[in-house]
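The next block holds one structure in the form of structure tokens; read it before the comments.
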Protein chains: 2
Amino acid sequence: MPSPDRISQTLTSHELRQTPVRRAVLQVLLDSSYALSGHEIEERIGADTDRITLYRTLKTFEDSGLIHRVVDTSDIVRYASCSIECSAHEHFDNHVHFKCTNCHHIYCLNQVAIPAVTLPAKFEAKTRDYLLAGVCRECTP
Amino acid sequence: MPSPDRISQTLTSHELRQTPVRRAVLQVLLDSSYALSGHEIEERIGADTDRITLYRTLKTFEDSGLIHRVVDTSDIVRYASCSIECSAHEHFDNHVHFKCTNCHHIYCLNQVAIPAVTLPAKFEAKTRDYLLAGVCRECTP
DNA sequence: TTATTTATGCAACAATATTGCATAATCAAG
DNA sequence: CTTGATTATGCAATATTGTTGCATAAATAA
Ligand SMILES: [Mn+2]
Ligand SMILES: [Mn+2]
Ligand SMILES: [Zn+2]
Ligand SMILES: [Zn+2]
């Protein structure tokens with residue numbers, strides 16, 4: 001669990017203003033061991049925050065390199081905190097994601113790099129997303 | 001462009017009833033060189049079809065192994081036609097997808113297999129999705 | 001042709017997301 | 001600490017995407 005100082009420092013280093021909503025959202029995402037949907041974040045930060053503000057906060061964080069989207073086979077967008085070196089200029093999240101079909105959590109496997117592929121001519125890749133689905137560590141007997 | 005016979009045969013071989021909506025949706029997906037969202041399919045088959053029927057048709061097709069979902073970094077679900085060997089029993093779509101940041105189309109790169117990764121202990125993967133983003137063949141100068 | 005099964009369309013609803021605008025909060029300057 | 005410029009927030013209204021129940025129409029099998 002990161003200290004309040006850590007939260008403030010992170011906001012400052014990404015040139016973002018300190019606000020209660022931003023601190024709460026960032027805290028929630030840093031505390032979670034798996035990616036969270038907008039709804040799940042909403043639940044965790046309490047019902048007194050406007051959903052619109054939350055969406056705008058998530059967009060700001062994503063643009064600033066604080067969090068990254070986690071693709072899902074469903075139509076729900078999830079977010080997870082980024083590695084320390086991500087910035088507004090560029091994201092460096094080259095890890096695979098794992099979705100458990102039992103507990104439905106999506107984990108960032110930060111230690112597993114996305115392997116490169118050879119593309120057909122004239123296709124030039126800039127970013128990659130790799131999502132595995134199966135049974136996670138917690139749900140394996 | 002597949003002939004009407006091809007469409008009918010495909011429906012029959014997957015044990016699905018012949019209906020105008022199903023033929024239209026399948027035709028549209030087979031004709032497209034990239035994955036389509038529900039809205040895009042709706043536009044192509046004409047406004048006289050109910051959106052609810054379209055969603056149910058897409059679900060039926062997915063369950064029957066006629067089409068597969070294409071994950072996107074956005075919150076929109078897209079569909080593309082499956083390879084010939086997919087069935088209600090199992091899908092065999094092991095190819096990567098490529099999203100163009102210029103034209104926004106998502107292509108099935110059927111010739112590029114998804115590379116395997118080594119997972120941490122007690123993670124057991126059943127399915128994989130690999131999405132690249134960059135500039136596609138059509139948009140490369 | 002008739003009977004059975006299944007797909008469709010409508011209504012109503014739910015969940016997720018976006019925009020404009022007035023107000024409140026943040027932060028930098030003095 | 002106070003002031004003023006800038007930016008975030010909250011509300012209202014709206015858009016988009018997807019779902020469920022149910023009566024009717026259509027497709028297939030007998
Ligand atoms: Mn991640
Ligand atoms: Mn595909
Ligand atoms: Zn699990
Ligand atoms: Zn393109």
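Here the structure is a predicted model, which is why all the values come from computation and not from measurement. Residue numbering restarts at 1 for every chain, and letters A, B, ... go by the order of the sequence lines.
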Where B:Ser81 and B:Leu29 come nearest, the two heavy atoms and their spacing: OG-O, 4.0 Å

Nucleotide D:dT16, atom P - distance to CD of B:Glu42 in whole Å: 11 Å

Other ILVMFWY residues reachable from B:Val71 by side-chain steps of under 4.5 Å: B:Val70, B:Ile106, B:Leu131

Rounded interatomic separation in angstrom, taking CG from A:Asp72 and P from D:dG18: 13 Å

B:Leu11 CG - D:dA27 P separation (whole Å): 12 Å

Atom-pair distance (CD1 on B:Ile41; P on D:dT16), nearest Å: 18 Å

Those residues of residues 51-63 of chain A lying under 4.0 Å from DNA chain C by at least one heavy atom: A:Arg51, A:Ile52, A:Tyr55, A:Arg56

Under 3.5 Å: donor-acceptor pair, side chain of B:Gln18, backbone of B:Ser8: yes

Whether over 12 other heavy atoms sit under 6.0 Å from A:Gln111 CD: yes

Side-chain donor or acceptor of B:Arg69 paired with backbone N/O of A:Thr73 under 3.5 Å: yes

Nearest-angstrom distance from the residue atom NE2 of A:His39 to P of C:dA17: 11 Å

B:Val96 side chain near B:Tyr107 side chain, heavy-atom distance below 4.5 Å: no

Rounded (10°) bend between the five-pair end axes of the helix from C:dT1-D:dA30 to C:dG30-D:dC1: 40°

Salt bridge (charged side-chain N to carboxylate O under 4.0 Å, His left out) partners for A:Asp63, two or more places apart: A:Lys59

Geometric class of the A:His68/A:His97 ring pair [parallel <30°, tilted 30-60°, perpendicular >60°]: parallel

Residue pairs passing the side-chain hydrogen bond (donor to acceptor under 3.5 Å, both in side chains) test where at least one lies in residues 115-141 of chain B, sequence neighbours excluded: B:Asn94-B:Arg128

A:Glu15 CD - D:dT7 C1' separation (whole Å): 14 Å

Separation of atom CG in B:Asp50 from atom C1' in D:dA26, rounded to whole Å: 15 Å

Whether A:Ser74 side chain and A:Ile76 backbone form a donor-acceptor pair below 3.5 Å: yes

Between the protein and nucleotides 26-30 of chain C, are there any N/O to N/O pairs under 3.5 Å, and if so, what are the atom names and distances?
unit_1, atom_1, unit_2, atom_2, d
C:dT26, O3', A:Gln18, O, 3.4
C:dT26, O2, A:Arg17, NH1, 2.8
C:dT26, O2, A:Arg17, NH2, 3.3
C:dC27, OP1, A:Gln18, N, 2.5

From NE2 (A:His105) to CG (A:Leu36), nearest 0.5 Å: 8.5 Å

Whole-Å distance separating the CZ atom of B:Arg22 from the C1' atom of D:dA26: 11 Å

